[in-house]
Q: 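Let me begin by handing over the structure; questions about it come next.
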Amino acid sequence: MATSRDDRRVTVVPGGPVLVEGPVEVVGEDGVVARSDRFLVALCTCRRSKRQPWCDTSHRERRRSGGAV
């Protein structure tokens, strides 16, 4: 649980990550805690990031299905 009662702003970016004002603690499904002291963090929502739970901009690498380039 968070140790501070300060409000945090959460911004959902359409087609991108969720931005959270830091510092933050993220508890994963497996119970592992990831911490960041940054003033703003980007949480991955596309599940493509190799740095989970943090966004690494993998959502930008969209593949075209069929059709010409």
Side-chain angles (χ1 to χ4, degrees):
M1 291 303 258
T3 57
S4 175
R5 297 188 60 95
D6 295 336
D7 291 340
R8 299 283 184 235
R9 180 172 296 215
V10 176
T11 305
V12 177
V13 178
V18 171
L19 303 177
V20 182
E21 289 183 357
V24 298
E25 270 187 7
V26 178
V27 181
E29 293 175 5
D30 56 2
V32 173
V33 177
R35 293 181 176 87
S36 176
D37 291 328
R38 297 180 130 201
F39 67 93
L40 184 68
V41 296
L43 299 177
C44 177
T45 59
C46 73
R47 303 183 134 214
R48 296 179 196 160
S49 176
K50 292 180 177 78
R51 299 184 57 231
Q52 290 286 342
W54 318 119
C55 175
D56 67 1
T57 69
S58 293
H59 61 275
R60 294 180 185 168
E61 299 172 12
R62 297 187 183 198
R63 295 185 180 142
R64 296 177 189 233
S65 56
V69 177

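Along the sequence shown, residues carry numbers from 1.
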Q: Are the side chain of S49 and the backbone of W54 linked by a donor-acceptor contact shorter than 3.5 Å?
A: yes
Q: Check P14 against V12 and note the closest heavy-atom contact, atom names and distance.
A: CD-O, 3.5 Å
Q: Has D37 got a side-chain atom pairing as donor or acceptor with P23's backbone, closer than 3.5 angstrom?
A: no
Q: Under the criterion side chain to side chain contact (heavy atoms under 4.5 Å, CB included), I'd like the reasoning laid out for V33 against V26: C-alpha separation, chi angles, the key distance, then a yes or no.
A: CA-CA 6 Å; V33 177; V26 178; over 6 Å; no
Q: Using the rule side-chain contact (heavy atoms from CB on, under 4.5 Å), only one of T11, V41, V10 pairs with L19; which is it?
A: T11
Q: Give the C-alpha distance, both sets of side-chain angles, the deciding distance and a yes or no for salt bridge (charged side-chain N to carboxylate O under 4.0 Å, His left out) between R35 and E25.
A: CA-CA 5 Å; R35 293 181 176 87; E25 270 187 7; 3.1 Å; yes
Q: Does V13 belong to the same Ile/Leu/Val/Met/Phe/Trp/Tyr cluster as L40, with side-chain heavy atoms less than 4.5 Å apart forming each link?
A: yes
Q: Can you measure from SG (C46) to CZ (R60) and round to the nearest 0.5 angstrom?
A: 11.0 Å
Q: Distance from H59 atom NE2 to T57 atom OG1, nearest 0.5 Å?
A: 6.5 Å
Q: Is there a donor-acceptor contact under 3.5 Å from the side chain of T45 to the main chain of G16?
A: yes
Q: Let me confirm one number: the CD-CZ distance from E21 to R38, rounded to the nearest 0.5 Å.
A: 14.5 Å
Q: Rounded at 0.5 Å granularity, tell me how far CG in L43 sits from OG in S36.
A: 9.0 Å
